[in-house]
Amino acid sequence: MKAFRFNTRGLLPVLALLSLGGCSGIPTSGPSAGDVADQAGTAVAQQYEFVDIDSSVIDTLRHRAPDSFLAHFGDYRPSVEPHIGVGDAVSVTIWEASAGGLFSAPLVADRFTTGSNSATIPEQIVGRDGSISVPYAGRIQVIGRTTQDIQKVIEKALEGKAIQPQVLVNVAHSVNNTVTVTGEVTNGARVPLSVRGDRLLDVVAAAGGVKAPVNETYVQLSRGSASVRVALSRVISNPRENIFMRPDDELTLIRDPQTFLAYGATGRNAEIPFDAEGITLAQALAKAGGLLDYRSDPQGVFIFRYEPESVVRALRPNSTLIQHGRLTPVVYRLNLRDASSLFAEQSFHIVNRDLLYVSNAPLTEVNKVVNIFSTALSPAGSAASVYAGVR
């Protein structure tokens, strides 16, 4: 028995050293730090871009800042008087200076009369020809004009026919001076814009407000051929993003919970949500329970992500993986043994669907091998205890 114990103690270090060359057969939660670096491949057979996080990478990724309504569209108050378009409902009221005219009650010679000196033309929908009909004035072009402009045109058309006519044009219902609001709102509708001008949050409130939690909601504004998506919480917290709406704008409120996956040697392996405004890598590590002291490799903190073409060209101009209009797989590595990396992780931003992976330390694999052999060679060794030793 003494000889057996001597041989066992002598074999364990040898077997542990041998295992360093073949740890691929040892159960583990994922690739080692070396595997991730090596498996990026060569220029001929490259699988993903491998990027070490440093100050230059942080500066490059700052250009990947979230979209901004202010930056894309500006914040210009619309014109004071809206223009009339096809489909708007328009009414016209005409006054004359005295009775007996085209639009007033007849004058009664033998008694004083207080009859009406005005007439209201029923609402008309502006046709595809862009005009409406006014008795004795004919077809009046109204499209693209303000109500004040139309009033002057009708008054001029009635000169010599009516008695000093005065005209009032009113838009009873407009389909052109509106914003379409859909998605996660209480009442999706076409919201009419006031003459004063309405901002984005005014229009959302007029549609009944949002149904989804604010921190999970995005606002997509489509204006012409451009569409920009911004977190609702950012619009609320930054008044500059609460821009003025314009006719024919389309607002779509989208519920999109932001999450990242924490995996490997972290205190918590899970899909972890975060607010729409985003978090840094430092905050993500804290949410994931940090690195496990007895198991993690501080040099093996990785972020797996698909990046757009513009970002990859800035990071790796000569990358063979870049394809126009397609996302490129990129793996970012952070070395927490370097003190400066603690600053870098506070500036590196996590995006939706990122995978945060922390690899095992090399010594962890050695310990597994030692546990396997020590358990197997012990008098009470069993298959169950061997399995427990590799966990």
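Only a predicted model underlies this, so the values are computations on that prediction, with no experimental measurement involved.
Side-chain contact between Val219 and Val230 is absent, with no heavy atoms from C-beta onward closer than 4.5 Å. A 4.5 Å side-chain heavy-atom check between Pro213 and Arg255 finds at least one atom pair inside the cut-off. Taking the side chain as every heavy atom from C-beta outward, Val204 and Val191 never approach each other to under 4.5 Å. Residues Val167 and Thr93 form no side-chain contact, since every pair of their non-hydrogen atoms from C-beta on lies 4.5 Å or further apart. Between Tyr218 and Asp67, every side-chain heavy-atom pair lies at or beyond the 4.5 Å cut-off.
Connection of Ile154 to Tyr136 is established within a shared hydrophobic cluster, with ILVMFWY side chains joined at heavy-atom distances below 4.5 Å, either directly or through further cluster members. Leu232 and Phe73 fall within the same hydrophobic cluster, defined by Ile, Leu, Val, Met, Phe, Trp and Tyr side-chain heavy atoms under 4.5 Å apart, directly or through other members. Hydrophobic clustering keeps Leu315 apart from Leu321 (ILVMFWY residues linked when any side-chain heavy atoms are closer than 4.5 Å, directly or through intermediates). Note: the hydrophobic cluster containing Ile350 also contains Val311 (ILVMFWY, side chain heavy atoms under 4.5 Å, direct or indirect links). In the hydrophobic clustering of ILVMFWY residues, with side-chain heavy atoms under 4.5 Å counting as a link, Val134 and Trp95 come out apart.
Side-chain N or O atoms of Glu184 include none that pairs as donor or acceptor with a backbone N or O of Val210 at under 3.5 Å. Put simply, the side chain of Asp88 gets close to the backbone of Val175: a donor and an acceptor are under 3.5 Å apart. Counting only distance, with no hydrogens or angles, the side chain of Ser341 and the backbone of Asn335 share a donor-acceptor pair below 3.5 Å. Put simply, the side chain of Asn176 gets close to the backbone of Val86: a donor and an acceptor are under 3.5 Å apart. Side chain of Glu96 to main chain of Ala162: no donor-acceptor pair is present (N/O by atom type, distance under 3.5 Å, no hydrogens or angles). Judged by distance alone, the side chain of Asn238 and the main-chain N or O of Arg234 form no donor-acceptor pair under 3.5 Å. Checked by atom type and distance alone, the side chain of Asn177 never pairs as donor or acceptor with a backbone atom of Pro192 at under 3.5 Å. Asn360 places no side-chain N or O within 3.5 Å of a backbone atom of Ser296 that could act as its donor or acceptor partner. Looking at Thr60, its side chain does come within 3.5 Å of a backbone N or O of Ser56 through a donor-acceptor pair. With hydrogens and angles disregarded, no donor-acceptor distance shorter than 3.5 Å links the side chain of Asn242 to the backbone of Ile236.
Annotation: the span from Ile53 atom CD1 to Leu61 atom CG amounts to 8.0 Å, rounded to 0.5 Å. Distance check, rounded to the nearest 0.5 Å: CD1 of Ile143 to OG of Ser131 gives 9.5 Å. Of the inter-residue distances, the one linking Ile84 atom CD1 with Gln141 atom CD reads 11.5 Å to the nearest 0.5 angstrom. The CD1 atom of Ile94 sits 8.5 Å away from atom CG of Leu102, with the distance rounded to the nearest 0.5 Å. Atom OG1 in Thr280 sits 8.5 Å away from atom CG in Leu285 (nearest 0.5 Å). Atom CG of Asp297 is separated from atom CZ of Arg337 by 6.5 Å, given to the nearest 0.5 angstrom.
Salt-bridge check for Arg305 with Asp354: passed, with a basic side-chain N closer than 4.0 Å to an acidic carboxylate O.
Annotation: Lys211, atom NZ; neighbour count of heavy atoms from other residues, nucleotides and ligands within 6.0 Å is above 12. Atom OH of Tyr306 sits in a sparse spot, with 12 or fewer heavy atoms from other residues, nucleotides or ligands closer than 6.0 Å. Atom CG of Asp293 has 12 or fewer heavy atoms from other residues, nucleotides or ligands within 6.0 Å. In Arg240, the CZ atom is not crowded: 12 or fewer heavy atoms of neighbouring residues, nucleotides or ligands sit closer than 6.0 Å.
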* Give the C-alpha distance, both sets of side-chain angles, the deciding distance and a yes or no for side-chain contact (heavy atoms from CB on, under 4.5 Å) between Val90 and Gln124. => CA-CA 5 Å; Val90 179; Gln124 300 178 67; 5.5 Å; no
* To do: Could you go through the side-chain contact (heavy atoms from CB on, under 4.5 Å) check for Met245 and Leu221 one step at a time?
  => CA-CA 9 Å; Met245 295 289 94; Leu221 170 58; 4.1 Å; yes
* Asked: Taking it one step at a time, do Leu253 and Val181 satisfy side-chain contact (heavy atoms from CB on, under 4.5 Å)?
  -> CA-CA 8 Å; Leu253 280 82; Val181 186; 4.2 Å; yes
* To do: Go through the steps to decide whether Glu155 and Gln166 satisfy the test side-chain contact (heavy atoms from CB on, under 4.5 Å), and finish with yes or no.
  => CA-CA 6 Å; Glu155 288 173 358; Gln166 299 291 313; 3.9 Å; yes
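Annotation for Ala207 and Val185: closest pair O-CB, 4.3 Å, computed over non-hydrogen atoms. Looking at every heavy atom in both residues, Val228 comes nearest to Phe69 through O-CE2, 3.3 Å. Scanning both residues, Gly144 and His83, for their nearest heavy atoms gives O-CD2, 2.8 Å. Smallest separation of non-hydrogen atoms from Ile279 and Phe260: CD1-CE2, 3.8 Å. Closest heavy-atom contact between Arg316 and Ile322: O-CD1, 3.9 Å. Nearest heavy-atom pair, Pro135 versus Ile121, reported as atom, atom and distance to 0.1 Å: CD-CD1, 3.3 Å.
Thr146 and Asp149 are linked by a side-chain donor-acceptor pair at a separation below 3.5 angstrom, with hydrogens and angles left out of the test. No side-chain N or O of Ser359 forms a donor-acceptor pair with one of Ser32 less than 3.5 Å apart. Between the side chains of Arg139 and Ser133, at least one donor N or O sits under 3.5 Å from an acceptor N or O.
Ring geometry, Tyr332 versus Phe348: the interplanar angle exceeds 60°, so the pair is classed perpendicular (tilted spans 30 to 60°). Ring planes of Phe302 and Phe50: tilted class, angle from 30 to 60°.
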